[in-house]
Undergrad: 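Below are the structure tokens for one structure; questions will follow.
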Amino acid sequence: MKQFKSIKRTYGAFVNAGIQDFIAYKASFFGFFIGEIFMCFVMYFIWKAVYASTGRTDFMGFSMIDMMVYVFLTHISGFLIQTDATFSIASEIKDGSIIMRMIKPVNVDLSILFFEFGSKIMIITCVFVPVMVGLEIYRYITLGYVAFKLVRLILFMISISISYLLSFYLNLIFGYLAFYLLNIWGFGVLKEELIKFFSGAVIPIAFFPGVVRKVFSFLPFASLTYTPVMIYMEKYNGMKLIFNLSLQIVWLLVFIGLSRGLWKWAEKRLAVQGG
Amino acid sequence: MIEVKNLKKEFQKTIKDPGLSGAIKSLVHKKTETVKAVDGLTMHVDEGEILGFIGPNGAGKSTAIKMLTGILTPTSGTLEINGQIPYKNRKEYVKEIGVVFGQRTQLWWDLPLVETYSVLKEIYCIEEKKFRERMEFLNEVLDLQEFIKSPVRTLSLGQRMRADIAASMLHSPKVLFLDEPTIGLDVVVKDNIRKAISKINKNDKTTIILTTHDLNDIETLCERIVMIDKGKMVYDGSLYHMKETYGKMREVIIALNNPDEIKNIKPDKKFGLNADDYEIEKKANSVSMKFNSAKVEIPDMLNYILASVNVKDITVKDADIEEIIKKIYKSEVNPGEAV
Ligand SMILES: Nc1ncnc2c1ncn2[C@@H]1O[C@H](COP(=O)(O)OP(=O)(O)OP(=O)(O)O)[C@@H](O)[C@H]1O
Ligand SMILES: [Mg+2]
């Protein structure tokens, strides 16, 4: 219990610093915020036009409202799970500044994670909440009844948190590999391409032969944003919901284990650059 | 307090032939070379001691400090500090130590300085009351007040260094490692930092290991020095002893009415000194003469100079530690034999 308290205290400080750091860049944040709102409206009008031109109320099983929720939520989820972990860790390893983390009684990965939490909290309050409120008001006006369900929001938050952690640890693993491939830039591009490939962004997963498709659908890459969004939209229910959440959790544990193991191994072989 | 035995660290360095073809070749076949950065270091430091850890560039000082602070795992050898083995349980171990790497900062770059201190307060679980007392003390010795609310990126180098030293000592560490804490600072700031280090050492009985290239730091702070070169220890002893043993070369600064008269001073003829035993050098407004005081007594030399030329002003300098160290670095003297 006492240990838990001190952990909370230590990493709470990192969250705090993360929030302040985020605020320190107010100007760029407002640009980002306005850009996001603008993007949302652009998407709204594009889809409105699509539905108007087909003259149908249903498009691949999605009503216009469904589509709106899907598009907005996917877009915001992308922000929520976005992480700079690869870059943070790799550049710190490369220029040796990682030693400044190592001389403190903290875990290297957790100190980066909780610092990033700070900016996530800001994004949730400043972007996620307003957009969701807007979306639900829109849903209410169009449908004429309250479609919002608190349980779904909570499940969504759980799922998206796991997705974020997944993406964080995956990025961290790539960052640690910078121990060996000290020039991370080319490596970063490779990582992006690999993830795109495995998530079906390069070649749609549907185009692969059956077995491969099956394997891909069990990999966590494609579902990082898809799973939480489907949960919110009540497309995943019952066993399907439980299965998909469990799959996420299993993958998360695998990635955490992998990254911890990799760090332990690398720490002993670390040759800090410079100084 | 600190016990180091036969400590070694080897690095694998990849060597690449120059140019594009070299770069491509190194992709296919990596050629590596072993660098012995620290090569069998043995030393002992007592509690409350300030140890000057010196040596030429690339001697292995920073590498040794990185092992002592638990960042690097030694290739071989043992080390124990404050009853703990640094690399074994880094997170526990670092609670008791403070570290400053002069070329880096541990401050949050974009946040006001105070924020770094409040994060550190939480990381080290310092109580509010203790924290305030400590801040007051550090503020007094390092004078942080004027910039404590400014973002770190706006601080000058000297301010940043003071802030960094304060950050390393906030949790009252038992051992403090300072790797070039005075690098790039002006004389006044250097002096302040030295005073602060000395006060902290007296106040808390902090054991301090200090590396520096500024020998004034050493002279004002350290009773004992350890000198290493190419990863090996070349001297371990007091500063006084070093001066006594190797400080035979003394320097006389002579200001002349007519600079050309210097030709009249011929210590080789007069005292039969070898070329190694003296050196005359013209400076902007004066002439400097170094000579071996073991061969010629200082009064004799002064009398000779005063008799030979018209002197406007004359000074005899104290045994210059810088000279001694330069010689040891250049391996002109071998302290290993003399110690
Ligand atoms: N990560 C590394 N990989 C390979 N070689 C290294 C590495 N770090 C240090 N070295 C080598 O080890 C030797 C000692 O370096 P170190 O930084 O400890 O010297 P130093 O005594 O601190 O020098 P300076 O006074 O210039 O700071 C040097 O030859 C250096 O090139
Ligand atoms: Mg160094």
Undergrad: About how many Å separate CD1 of Ile19(A) and CG of Leu111(B), when rounded to the nearest 0.5 Å?
TA: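 If we round to the nearest 0.5 Å, Leu111(B):CG and Ile19(A):CD1 are 11.5 Å apart.
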Undergrad: With rounding to the nearest 0.5 Å, note down the distance linking CG in Asn16(A) to OG in Ser118(B).
TA: 7.5 Å
Undergrad: What residue pairs, at least two apart or across chains, pass ring-ring contact (aromatic ring centres under 6.0 Å, His included) with a residue in residues 146-174 of chain B?
TA: Tyr124(B)-His171(B)
Undergrad: Apply salt bridge (Lys or Arg N to Asp or Glu O under 4.0 Å) to Glu80(B) and list each qualifying residue two or more places apart in sequence or on a separate chain.
TA: none
Undergrad: Within the supplied structure, the quantity of interest is the number of heavy atoms (other residues, nucleotides, ligands) at a distance under 6.0 Å from Glu128(B) CD; does it exceed 12?
TA: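 For Glu128(B), atom CD is crowded (more than 12 foreign heavy atoms under 6.0 Å).
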Undergrad: Restricting to salt bridge (Lys or Arg N to Asp or Glu O under 4.0 Å), what partner residues turn up for Lys190(B), sequence neighbours left out?
TA: Asp214(B)
Undergrad: Does some side-chain heavy atom of Phe101(B) sit less than 4.5 Å from a side-chain heavy atom of Met100(A)?
TA: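 The answer is yes; the side chains approach within 4.5 Å.
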Undergrad: Quick check on Asp21(A) against chain B: is it the side chain, the backbone, both or neither that has a heavy atom closer than 4.5 Å?
TA: both
Undergrad: Taking all non-hydrogen atoms of both residues, which atom of Ile99(A) and which atom of Ile71(B) are closest, and how far apart?
TA: CG2-CG2, 3.4 Å
Undergrad: Under 4.5 Å from any heavy atom of chain A, what part of Thr105(B) do you find: side chain, backbone, both or neither?
TA: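 The backbone, not the side chain.
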Undergrad: With side chains defined as the heavy atoms from C-beta onward, is the minimum distance between Lys104(A) and Gln106(B) less than 4.5 Å?
TA: yes
Undergrad: Do Glu122(B) and Tyr11(A) pass the side-chain contact (heavy atoms from CB on, under 4.5 Å) test, and can you show the C-alpha distance, the side-chain angles, and the key distance before you say yes or no?
TA: CA-CA 8 Å; Glu122(B) 304 305 324; Tyr11(A) 296 108; over 6 Å; no
Undergrad: Of the backbone (N, CA, C, O) and the side chain (C-beta and beyond), which part of Leu120(B) lies under 4.5 Å from a heavy atom of chain A, both, or neither?
TA: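 Just its side chain gets close to chain A.
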Undergrad: Please report the shortest heavy-atom distance between Ala17(A) and Val119(B), naming the atom on each side.
TA: CB-CG2, 4.0 Å
Undergrad: Is Lys121(B) in contact with chain A via its backbone, its side chain, both, or neither, using a 4.5 Å heavy-atom distance?
TA: both
Undergrad: Do Arg90(B) side-chain atoms and Met102(A) backbone N/O form a donor-acceptor pair below 3.5 Å?
TA: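 Yes, Arg90(B) side chain to Met102(A) backbone: donor-acceptor pair under 3.5 Å.
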Undergrad: At under 4.5 Å between heavy atoms, what parts of residues 105-124 of chain A are in contact with chain B? List them by residue number.
TA: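 Within residues 105-124 of chain A, near chain B: Pro105(A), Val106(A), Asn107(A), Val108(A), Phe115(A).
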Undergrad: Measuring heavy-atom distances to chain A, does Ile123(B) have an atom under 4.5 Å in its side chain, in its backbone, in both, or in neither?
TA: both
